[in-house]
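As structure tokens, the structure follows; a few thoughts come after it.
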Number of protein chains: 2
Amino acid sequence: MSASGVRARVRAEMTEEIKAVAKRHLVTDGANLSLRAVARDMGMASSAVYRYFASRDELLTALIIDAYNAVGDAAERAAAAEKGDLDRFLGATHAVRDWALANPHEWALIYGSPVPGYEAPQDTIGPATRVILLIAAIVRDAYLAGRVAEREPITGGFAEELGRVAEQYTPGAPPRLVAAAMSSFLHLGGAISAELFGQLKNSVDEDRRGFFDYQMRGEADRIGLT
Amino acid sequence: MSASGVRARVRAEMTEEIKAVAKRHLVTDGANLSLRAVARDMGMASSAVYRYFASRDELLTALIIDAYNAVGDAAERAAAAEKGDLDRFLGATHAVRDWALANPHEWALIYGSPVPGYEAPQDTIGPATRVILLIAAIVRDAYLAGRVAEREPITGGFAEELGRVAEQYTPGAPPRLVAAAMSSFLHLGGAISAELFGQLKNSVDEDRRGFFDYQMRGEADRIGLT
DNA sequence: GCAAAAGCAAGAGCACTGCTCTCGTTGTGG
DNA sequence: CCACAACGAGAGCAGTGCTCTTGCTTTTGC
């Protein structure tokens with residue numbers, strides 16, 4: 001620590017502040033974030049920002065990781081607050097939606113179209129999987145406790161692929177459950193993106209929460225949760 | 001026509017060529033399309049392009065409308081080629097996916113995150129609704145012919161809202177069917193976007209078509225198609 | 001303790017962007 | 001035939017990401 005620790009701490013604070021300012025800019029300007037504007041807001045030269053982030057993409061990557069962790073946190077907290085399987089599932093999915101509604105631009109950053117020429121680095125794949133892993137875990141736990149309704153198993157190449165993934169992350173869950181969980185997750189993303197990106201305009205304007213709830217209950221039903 | 005007709009035709013051809021070049025650029029550069037680069041490719045000054053499109057956003061809007069119509073065409077053609085209700089549904093949804101895989105950047109343009117500061121003009125809402133209206137029509141036709149399995153009706157604000165929409169576009173369809181069709185459409189979008197935007201990486205890599213088929217058959221089942 | 005090394009901020013500069021304005025040219029309708 | 005509208009080109013403005021150089025400060029090695 002000592003003197004060098006001071007510098008490291010200052011550096012960390014600066015990094016955080018840049019991210020905070022950038023996040024604020026994200027709210028108004030969306031994905032085309034201007035590094036120069038961020039620098040102006042911080043009262044420093046634009047070139048100075050490059051001491052902390054090697055490029056604009058790297059700044060975006062940092063924001064993406066933070067966003068993934070934020071949704072993940074929200075979903076996990078909501079799931080932990082519930083007891084029944086269905087309630088845990090609905091709590092998690094609604095928490096994701098609530099977070100997306102509160103942070104639409106960050107949602108767009110992680111689940112919208114990828115920035116052209118931007119390849120997601122290794123650092124993002126961990127945080128990115130938290131929500132789907134949470135859903136899979138909820139389903140798996142319910143299954144292992146014998147509380148998931150019977151359904152006929154699935155076959156096909158994707159079933160085997162998902163089965164292999166399940167062995168690693170949610171051992172004990174049969175392919176059909178993993179497929180159903182994954183399917184629910186994709187439906188979840190589609191429903192939220194559609195709501196945020198304006199596709200529901202002029203069809204469901206008042207009771208969007210109800211419509212989302214209807215869809216997620218449908219997914220829970222397909223999974224076999226009760 | 002005569003002389004003025006010539007000029008009008010040349011103008012139309014120019015407009016089309018600009019769109020074609022822009023579309024080509026979309027493939028490589030994605031959504032951050034450069035008007036100047038398009039102009040360069042056409043061997044004209046960048047300012048000349050503004051004779052045909054008042055702004056970059058207007059060019060994008062034209063591309064968006066074309067894209068909506070392209071998916072709409074593909075889906076309608078596929079549905080028309082099938083006879084059974086389920087086959088029509090699966091044909092349409094697979095056609096949408098096939099089109100998206102063939103034109104990923106155009107898919108991102110219409111179903112990805114909206115361009116910041118870009119508000120979809122009135123001209124886009126018509127073409128934008130073609131796919132969902134097609135799905136709703138398939139379901140409605142099957143229902144009116146008495147071929148849709150019974151399900152318990154739905155209630156709630158969103159059901160009334162969707163019921164009102166149905167009266168206008170697909171008269172005769174009960175709210176629960178419209179809701180199910182809409183839900184399927186959102187699931188469809190989520191599944192395709194996830195596949196295109198890389199969310200399936202390292203989980204379903206080989207049999208993505210099979211996984212999509214599984215999901216859409218699940219939706220058809222929820223609707224009650226046979 | 002002090003010099004060398006590394007970290008840092010600032011400014012200038014490059015190549016690019018969307019967009020506007022002006023200025024000749026060229027085709028068109030009366 | 002001629003006034004007028006459409007057109008293409010060029011210059012220019014404000015903005016962008018990013019690099020390089022120049023001083024200054026802090027940390028580190030001896």
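Each chain gets a letter, A, B and so on, in the order the sequences are listed, and its residues count up from 1.
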What is the distance, to the nearest angstrom, from the CE atom on M14(B) to the P atom on dC7(D)? 9 Å
Regarding L59(A), tell me which of base, sugar-phosphate or nothing describes its non-hydrogen contacts under 4.0 Å with the strands shown. nothing
So which of residues 36-45 of chain B are in contact with DNA chain C, with a heavy-atom cut-off of under 4.0 Å? R36(B), R40(B)
Measuring only between side-chain heavy atoms, which start at C-beta, is V178(B) closer than 4.5 Å to Y169(B)? no
If we only count heavy atoms from C-beta on, is the V49(A) to I18(A) side-chain gap below 4.5 Å? yes
Close side-chain approach of L101(B) and E195(B), heavy atoms under 4.5 Å: yes
Min side-chain heavy-atom separation Y111(B)-Q199(A) under 4.5 Å: yes
Going by side-chain hydrogen bond (donor to acceptor under 3.5 Å, both in side chains), D213(B) matches just one of H94(B), R97(B), R208(B). Which one? H94(B)
Using a 4.5 Å cut-off on heavy atoms from C-beta on, say whether the side chain of E219(A) contacts that of S183(A). yes
Can you tell me if W107(B) and S193(B) form a side-chain donor-acceptor pair at under 3.5 Å? yes
Rounded distance in Å - CD (E13(A)) to C1' (dC8(C)): 16 Å
So, do F53(A) and L60(A) sit near enough that their side-chain heavy atoms are less than 4.5 Å apart? no
Taking CG from L35(B) and P from dC16(C), how many angstroms apart are they, rounded to a whole number? 16 Å
Just to be sure I understand the geometry, which residues of residues 46-54 of chain B put a non-hydrogen atom under 4.0 Å away from DNA chain D? S47(B), A48(B), R51(B), Y52(B)
